[in-house]
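So the structure is just underneath, and the comments pick up after that.
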Amino acid sequence: MSLAYEEKPDFVASGSVRVRVPAKINMHLGVGPLRDDGYHDLTTVYQAISLYDDVHAHRSDTLALTIDGEGAGTLPLDDDNLAVRAVRALAAHTGLPAHARLHITKSIPVAGGLAGGSADCAATLVACDALWGTGLSRDELASIAATLGSDIPFLVLGGTALGTGRGEQVNPVLAAGTWHWVVGVAAGGLSTPAVYREIDRLRELGTAPDPAGSADLLLAALRQPDPEVLAAVLVNDLQAAAVSLRPQLRATLRAGLDEGALAALVSGSGPTCLYLARDAEHANALAASLTSRGVCRTVRTAHGPVAGARVTS
Ligand code: C5P
């Protein structure tokens, strides 16, 4: 349905839309065996946390992308960028021309296991849907997102969610309150496919830890308020692989525990490390201690859950 001009939201009239999108972490990442299609079956619990990228989409008669902020100079500006692919996928779905001028302001670390590229993709889908007035539902956007990458549907949704399949099937779950995290960003990234290949290799050698399997313990811990209970059940099957490829992560994780973190784990495929804190004050103190230890390139604090990709203006 098309709206009369005067009924259109301001961003449509002004020809520009800004969308804020969070980073994701995996509080439980259970990795199953390698499938025939090259993916692994996952049982994962995602949480969206308060580290954000901004995507500003303007009306245009071409498709163009510029980026500033964290890691900007290292990112592609062509079809290798998931945001550009998002414009094309939404255009193909709606029959509209793939026209938008995008500007991304990044503060989510690149190639860090926080899904920054996927976040920009999710934000671009939401932004172009608003800019073009196509009005797709979140479910429709999530199904386009699933064709672009496994964790992109979650970033359209946000909050806390159980992910199954290759991670693209997401269902919201109940989380009792707010959890406080310290995010330790390592220098340099890790390639996600390389980390998955490494867990397969370690499993073949028989040196990988037992698979995490079901997320039931984590889901139960989310329904109660004590962070110590949550700390005891955080698990990531990819951690052994990330540590194998980047052995210094062992010391990075250890440093957080030494400084009083309730738990330390690698985020997704790494190399970013996550530390669970008791509360916001504890997170700030922990971040300060980790910064002075110099074990991470950057240390940030964040809380979750927060909303997924949302239009802000
Ligand atoms: O889906 P996405 O493009 O984000 O996946 C990147 C890579 O991560 C895949 O090509 C695959 O190597 C690996 N992957 C996997 N199993 C998953 C998700 C990702 O093996 N469930």
Side-chain angles (χ1 to χ4, degrees), residues 21-48 53 71 74-76 78-90 104 106 108-125 141-158 161-171 189-204 208-209 211-215 218 235-246 266-272 308-309:
V21 64
K24 68 89 187 140
I25 60 172
N26 303 78
M27 293 188 287
H28 175 104
L29 182 44
V31 179
L34 178 63
R35 311 190 316 198
D36 289 343
D37 64 1
Y39 286 89
H40 296 74
D41 270 321
L42 300 186
T43 304
T44 187
V45 179
Y46 293 112
Q47 181 158 91
D53 281 357
T74 65
L75 296 171
D78 56 12
D79 279 87
D80 284 340
N81 193 300
L82 280 170
V84 171
R85 279 191 239 163
V87 179
R88 294 204 194 284
L90 188 68
I104 303 179
K106 290 206 65 69
I108 303 173
V110 173
L114 294 167
S118 298
D120 300 340
C121 181
T124 302
L125 288 174
L141 291 174
S143 69
I144 300 170
T147 67
L148 296 163
S150 306
D151 45 18
I152 305 171
F154 171 68
L155 291 153
V156 172
L157 182 73
L162 180 66
T164 53
R166 57 183 170 84
E168 89 286 14
Q169 292 163 30
V170 283
N171 284 291
L190 274 175
S191 142
T192 302
V195 175
Y196 275 101
R197 276 196 301 276
E198 182 67 2
I199 193 63
D200 292 338
R201 192 184 72 85
L202 296 178
R203 283 176 172 174
E204 261 172 52
S214 144
L218 194 286
V235 65
N236 178 1
D237 278 345
L238 292 181
Q239 177 161 316
V243 170
S244 169
L245 295 174
R246 188 74 73 82
V266 167
S267 176
S269 56
T272 298

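Whatever order the structure lists ligands and atoms in, that order sets their numbers, starting from 1.
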Hey, does D151 come in under 3.5 Å of ligand 1, counting only N/O atoms on both sides? no
Ligand 1 atoms nearer than 4.0 angstrom to some heavy atom of S150 are 1 (O), 2 (P), 4 (O), 18 (C)
Ligand-residue contact atoms, ligand 1 with H40, heavy atoms, under 4.0 Å: 15 (C), 16 (N), 17 (C), 20 (O), 21 (N)
Flag the pair K24 / L114 as yes when at least one side-chain heavy-atom distance between them is below 4.5 Å, and no otherwise. no
Short side-chain donor-acceptor distance under 3.5 Å, S150 and E168: no
Within-4.5 Å side-chain heavy-atom neighbours: V170 and L162: no
Note: ligand 1 atoms sitting under 4.0 Å from heavy atoms of G149 are 1 (O)
Shortest protein contact, atom 13 (C) of ligand 1 (heavy atom only): Y196 CD1, 3.4 Å
What are the atoms of ligand 1, with element, lying closer than 4.0 Å to any heavy atom of L42? 21 (N)
Tell me whether ligand 1 is touched by G38 - counting only heavy atoms on the residue side and a distance under 4.0 Å. yes
Would you say S267 and T272 are linked by a side-chain donor-acceptor pair, where the criterion is simply a distance under 3.5 Å? no
Give the residue, atom name and distance (to 0.1 Å) of the protein heavy atom nearest atom 7 (C) of ligand 1. P193 CG, 4.0 Å
Under 4.0 Å to a heavy atom of R166 - the qualifying atoms of ligand 1, by number: 1 (O), 17 (C), 18 (C), 21 (N)
Side chain or backbone of Y39 under 4.0 Å from ligand 1, or both, or neither, by non-hydrogen atoms? both
Do the non-hydrogen side-chain atoms of R203 and V31 ever get within less than 4.5 Å of each other? yes
For ligand 1, which is the ligand I care about here, please tell me if T192 has any N or O atom under 3.5 Å from one of the ligand's N or O atoms. no
Is there a side-chain contact between D237 and L29 in this structure, where contact means two heavy atoms from C-beta onward sitting under 4.5 Å apart? no
Side chain to side chain contact (heavy atoms under 4.5 Å, CB included) between R166 and L42, worked out: CA-CA 5 Å; R166 57 183 170 84; L42 300 186; 5.5 Å; no
For H28 and N236, which I'm curious about, is there any donor-acceptor pair between the side chains at under 3.5 Å? no
